[in-house]
Protein chains: 2
Amino acid sequence: MTEPKTPDVAATPGPVKKHGRDGKSNATIYDIAKVAGVNPSTVSRALSKPGRVSAKTQKLIEDAAAELNYQVNPFARALPTGRTSTFGLIVADITNPTFFDIIRGAETTATVRDYTLVLAESAESAVTELTAARRMMATVDGLILASPRMDDDNIRALARDKPVVVINREVDGVPCVVPDVDKGISEAVRSLAANGHRKVAFVAGPPQSWMSARRWDGVQAACEWSRLDAVRLESTKPTVDGGRQVARDVRASGATAVLTYNDLLAIGLMQELQAAGVVVPDQISIVGFDDIFGADFTTPPLTTVRSPLGECGSGAATLLLDLLQGRGEGAETLRVETELVLRGSSGRLLPAG
Amino acid sequence: MTEPKTPDVAATPGPVKKHGRDGKSNATIYDIAKVAGVNPSTVSRALSKPGRVSAKTQKLIEDAAAELNYQVNPFARALPTGRTSTFGLIVADITNPTFFDIIRGAETTATVRDYTLVLAESAESAVTELTAARRMMATVDGLILASPRMDDDNIRALARDKPVVVINREVDGVPCVVPDVDKGISEAVRSLAANGHRKVAFVAGPPQSWMSARRWDGVQAACEWSRLDAVRLESTKPTVDGGRQVARDVRASGATAVLTYNDLLAIGLMQELQAAGVVVPDQISIVGFDDIFGADFTTPPLTTVRSPLGECGSGAATLLLDLLQGRGEGAETLRVETELVLRGSSGRLLPAG
DNA sequence: CAATTGATGGCAACCGGTTGACAAAGCTCC
DNA sequence: GGAGCTTTGTCAACCGGTTGCCATCAATTG
């Protein structure tokens, strides 16, 4: 049944492949066609073009397919069509828990809609990122870039080739999913103001991060509104360690409340301050960004401006898949809300003891 | 140059594909052959079989390929060969941070060796897992199963088809990567014994988890060695929430030290105990497993038996790729060491106040 | 100098599913 | 009963590499 069509080569069996395709799992539409007594192309149509063949033939073919437990060969399908039912997700840093939820959201949506997720990381390097993106482009139907580091033009160039969705950054002409930071930030700043704080520090993230710039803008605006002083501090890297390192600057700044570019910085900062005997939140209030996994493990648990990361991931995937399946608009930007998650690391400012 | 070979169909242009392959990025070996003045098959050989063509022709072809900035079409290659330069990783639960490091390790190794990682999750369901595995089998060269929930026979069945590597479980006849828990556990138990504890509770994980069983075995053995009492408690699910729920049982058990199946349980348990006014570690010592991201965010930071998860991921990927590239042995098991990470959640037992 | 050998490139079949063109069959309607 | 239209299935080309077999040609050897 499944013998090769060229009987002559069968004479030289060749090396026995340990994991050959000689199992029972490799029925083709030709096999089905033979069993059902129709032409292979009819089988193809029955299996992919709904309604193109008569109900009777349809059933015949489906039965045969089931009997042979047929599964399409994705490569054979991808070759002529270009469709792969696969999309790529490139994250700046797999180490960073911010992306965990994004990955999860994207993966879940992919599975639900019968797509497969392919994952890559750029190690925070624009060059690596572009390389990975190019490589992926060949094998996927579309691409999601989470917090991309490459410049806008490169992103648009990729988007010209296949659908691309960007997370955590706005790029003209490309569909994006961005948390709208204003609501969360203004909630946070108002809460700090209400607790008697007068001077707020913002610990910035990587210089090339679009989102860091947005957050600093938002903090400035909100502070102006609430008539608070805002100072900006720089971090070396957006990690727990970076947070520890910036503690000195924070104390020197004289601010009684700190917002950090992300939760990792906040956690590191809090650890270092507490180690130095500073009581959080009595002496300094700390507010992070993102509400990553583990943000509530700390003592006190971290107050943070939550970005719905899972929603970002699934939203981006949905946007992309809609685009792929032709029911997408164009380059629309999906805005998701941020909100303040009030926990223990921020609160009333007590008079210095 | 790149016009279709059937000029008649060009008369009916068809719908303009927004993301067609009409860009400049789709040179084929035929284009190269034309430029270099050789046969397509020669191009194919030059590009994949080292030394099969003369150095002169090789150069000619490589230049032409570079000029056209050619990239192989992975599908066209996969179709006749079955090779895809891709492997799959199925994790029980993307939500669970245990897998983050595993994913990262596997992804890094994949990239280094020019493979692509495809990710899927099974949502802790054996059925979903098997479905995902089957689906993947069609598109990957090999598979890594991290903490699989399906039974041994199904794993072996998959392994018969293509190379499979299992993480966090031992399956006869299949290469595995398992943390050797004994060292870490005995360190942990000895430390507890030295601190005056006499009764230790173990909070178990999912009943079908191989690793949970191993850890319980290890705890029993170590306790016997150190002449401690060991009691086993059950958790509803291996999460922070599950840890909270088991707090009542822990207190009722009379144990002064607890080892939990994983860090999430430990963290939840600690939160709940602290909320009830129990002082950790003065009244109860808590030891987790895995040393996941965030295990040191808690106050006190969590003592835990570290499994080198990243190493598991990269080790499994290496094992798999070696197998794929023919330099693997057979079903060898890679054992990685565990070690006690002593932090603040365990320590000397103070006399009850 | 002829014969043997090895290196090199070309030919053509093949992987498995897709799709435009077309023909046969079925159906309606006058 | 036949013209005209719609359904349904077949044919064959095609996607882009891979590879066994063979022809060619140059190099080596007796």
Side-chain angles (χ1 to χ4, degrees), chain A residues 2-15 20-21 26-34 36-49 51-58 60-61 65 68 70-85 138-139, chain B residues 2-15 20-21 25-34 36-58 60-61 65 68 70-85 138-139:
Chain A
T2 47
E3 68 181 358
K5 283 154 200 162
T6 52
D8 41 358
V9 297
T12 49
R21 304 191 265 168
N26 57 336
T28 73
I29 56 169
Y30 296 89
D31 301 329
I32 298 179
K34 211 172 292 175
V38 298
N39 190 285
S41 59
T42 304
V43 176
S44 173
R45 291 207 173 87
L47 264 30
S48 50
K49 299 263 193 311
R52 179 59 173 75
V53 303
S54 68
K56 207 183 61 192
T57 321
Q58 181 83 28
L60 211 60
I61 290 173
L68 299 172
Y70 167 80
Q71 298 194 182
V72 288
N73 179 323
F75 305 113
R77 172 172 286 173
L79 191 47
T81 61
R83 278 181 283 110
T84 68
S85 294
T139 55
Chain B
T2 47
E3 68 181 357
K5 283 154 199 161
T6 51
D8 42 356
V9 297
T12 49
R21 303 191 267 170
S25 58
N26 55 337
T28 72
I29 56 169
Y30 295 89
D31 301 329
I32 297 179
K34 213 172 291 175
V38 297
N39 190 282
S41 60
T42 305
V43 176
S44 172
R45 291 199 178 95
L47 264 29
S48 50
K49 299 265 196 309
R52 180 59 172 75
V53 303
S54 69
K56 208 183 60 191
T57 321
Q58 180 83 28
L60 210 61
I61 290 173
L68 299 172
Y70 167 80
Q71 300 193 180
V72 289
N73 180 322
F75 306 113
R77 173 171 286 175
L79 190 46
T81 62
R83 278 180 284 112
T84 68
S85 295
T139 57

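Sequence lines set the chain letters: A, B, ... in the order given, protein chains first and strands last, and positions in each chain run from 1.
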A/I29 CD1 to D/dC15 C1', in whole Å, measures 14 Å

Does any part of the side chain of A/P40, heavy atoms only, come nearer than 4.5 Å to the side chain of A/S44, both counted from C-beta? no

Counting only side-chain nitrogens and oxygens, does A/S41 get under 4.0 Å of the OP1 or OP2 atom of C/dT18? no

To the nearest Å, give me how far apart OH (A/Y30) and P (C/dA13) are. 15 Å

Touch class at under 4.0 angstrom, heavy-atom based, for B/S54 against every strand present: sugar-phosphate

Between B/K34 (NZ) and D/dG16 (P), how many Å, whole number? 12 Å

With a cut-off of less than 4.0 Å, is there a side-chain N or O of B/K49 near OP1 or OP2 of D/dT19? yes

If only side-chain N and O atoms of B/R52 are considered, is one of them under 4.0 Å from the OP1 or OP2 phosphate oxygen of C/dA7? no

Per nearest nucleotide of DNA chain C, the residue lying toward the 5' end, B/G37 or B/A76, is B/G37

Nearest to the side chain of A/V38 - C/dT18, D/dT10, D/dT19? D/dT10

At under 4.0 Å between heavy atoms, what does A/V43 touch on the DNA or RNA strands: base, sugar-phosphate, or nothing? nothing

Is any side-chain heavy atom of A/N39 closer than 4.5 Å to one of A/V43? no

Using a 4.0 Å heavy-atom cut-off, does B/T28 contact any base of the nucleic acid, only the sugar-phosphate backbone, or nothing at all? sugar-phosphate

In whole angstroms, how far is the P atom of C/dC15 from the CG atom of A/L79? 14 Å

Taking atom C1' of C/dG16 as reference, at what distance in whole Å does atom CZ of B/R77 sit? 18 Å

C/dG17 C1' sits how many Å from A/Y70 OH, rounded? 7 Å

Check: A/L79 and B/N73 side chains under 4.5 Å, non-hydrogen atoms: yes

Contacts of A/T84 that satisfy side-chain hydrogen bond (donor to acceptor under 3.5 Å, both in side chains) - sequence neighbours left out: A/D141

Please report, rounded to the nearest Å, how far the P atom of C/dG9 is from the CG atom of B/L47. 14 Å

Would you say the base of C/dG17 and the side-chain of A/R45 have a donor-acceptor pair closer than 3.5 Å? no

Consider the side chain of B/T81, meaning its heavy atoms from C-beta on, and name the nucleotide among D/dT10, C/dG17, D/dT19 that approaches it most closely. D/dT19

For B/T57, what residues pass the side chain to side chain contact (heavy atoms under 4.5 Å, CB included) criterion, not counting sequence neighbours? B/V38, B/T42, B/S54, B/I61

Output the rounded distance in Å from CG (B/N39) to C1' (D/dG17). 12 Å

From D/dG17, C/dG9, C/dG17, nucleotide with atom closest to B/T57 side chain: C/dG9

